[in-house]
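Below you'll find the structure, written out as structure tokens, and then a few comments.
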Protein chains: 2
Amino acid sequence: MAEIFKRLPSLPSERALKVISGRWKAVILYHLFDGPRRLSELRRLVPAVSQKVLIQQLREMEEHGLVHREIFREVPPRVEYSATALGQSLEPVLLALCEWGQRHAEELGEVDQVGDCIIRPRQGA
Amino acid sequence: MAEIFKRLPSLPSERALKVISGRWKAVILYHLFDGPRRLSELRRLVPAVSQKVLIQQLREMEEHGLVHREIFREVPPRVEYSATALGQSLEPVLLALCEWGQRHAEELGEVDQVGDCIIRPRQGA
DNA sequence: TTCCATACTGACCTGTTGGTAACCATGGCC
DNA sequence: GGCCATGGTTACCAACAGGTCAGTATGGAA
């Protein structure tokens, strides 16, 4: 594992941006907000990502403390990814970004091109 | 000028991230929140950016409706960059990011490595 | 023995970002 | 005519993110 501690920006907002902005991180997080997910599940949920990149994004988020990775030594092996408290604390931030993104789309007359900000309400687990 | 209309992501949060995350955009925006700034001023305020990249970031933000560019045909020529209403509406979002960035730094024991979230209070103009 | 499922890893390629350094255009001033 | 300031542009590069595709490891099932 790369021990090289890549330092994050010292400007907090830049730090946050750096940590959140990966091609698939927002989507992955949305799914993890709903509860722990196995890799295979995430692959189903986000079919557009390749396995390699999916793992890549997850590992980066793990390194940044957003995601917890738990290995269950079963057969076949099972690995569960879940959002840490720190990860969960991103929910309102992502919501703010989402709402602003919508406003942005509106002001540029591209509302039809964007989805909504519904974050699936926590379901049981 | 490249007429190719690069479409932004349709997931609003990703759209927002795409629009905000450029190496210097946050810093530039902070300065523009305080009022219009000339290019030369911004160069002074953010000495670490090269002129090319500075203009690049400004133009991208202009294209995305965050920044307004006004040319005063004087001698020597003057150009002012200012935050549009849409740009100003990013202030709370950046604040949210900043606060989260601080929390992130805290939880990873790197508080000492980050600055604060003070957004200079609007001064007159 | 071969096959399958899981969860990875590695080689390789490409487009985008950010960076350096140099050059251009205008028009006043000396 | 040279020089200055402003506000750019251009050519060129290096680093990196993300993408494809193929390979690895484990251990039960057939």
Compare side-chain N and O positions of [X] against OP1 and OP2 of [N] and report whether any pair is under 4.0 Å apart.
X	N	answer
B/Gln57	C/dG18	yes
A/Ser40	C/dA5	no
B/Arg78	D/dT6	no
A/Arg37	C/dA7	no
A/Arg38	C/dT6	no

Can we say [X] and [Y] salt-bridge, meaning some charged N sits less than 4.0 Å from an Asp/Glu carboxylate O?
X	Y	value
B/Arg43	B/Glu41	no
B/Arg59	B/Glu63	no
A/Glu110	B/Arg15	yes

Side-chain donor/acceptor of B/Glu80 to backbone N/O of B/Arg38, under 3.5 Å: no

Atom [atom1] of [X] to atom [atom2] of [N]: distance rounded to whole Å?
X	N	atom1	atom2	result
A/Arg43	C/dT6	CZ	C1'	9 Å
B/Gln56	D/dT9	CD	C1'	11 Å
A/Leu39	C/dT9	CG	C1'	13 Å
A/Glu60	D/dA17	CD	P	7 Å
A/Arg44	C/dA7	CZ	P	11 Å
B/Glu62	D/dG7	CD	P	15 Å
B/Leu54	C/dT20	CG	P	13 Å
B/Lys18	D/dA17	NZ	C1'	11 Å

Hydrophobic cluster membership, B/Ile28 vs B/Val49, 4.5 Å side-chain cutoff: yes

Annotated protein contacts, base or backbone, on nucleotides 21-30 of chain D with a non-hydrogen cut-off under 4.0 Å, one of B, S, - each: ------SS--

Just to be sure I understand the rule, does [X] reach a base, reach only the sugar-phosphate, or reach nothing, if contact means heavy atoms closer than 4.0 Å?
X	result
A/Phe72	nothing
A/Arg69	sugar-phosphate
A/Ile55	base

Salt bridge (Lys or Arg N to Asp or Glu O under 4.0 Å) between B/Arg23 and A/Glu14, worked out: CA-CA 8 Å; B/Arg23 178 68 185 81; A/Glu14 285 180 348; 3.8 Å; yes

Heavy-atom closest contact (A/Trp100 atom, B/Val19 atom, distance):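 Scanning both residues, the minimum pair turns out to be CH2-CG1, 3.9 Å.
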
Closest to side chain of A/Val53, choosing from D/dG18, C/dT20, C/dT9: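 From the listed options, D/dG18 comes nearest.
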
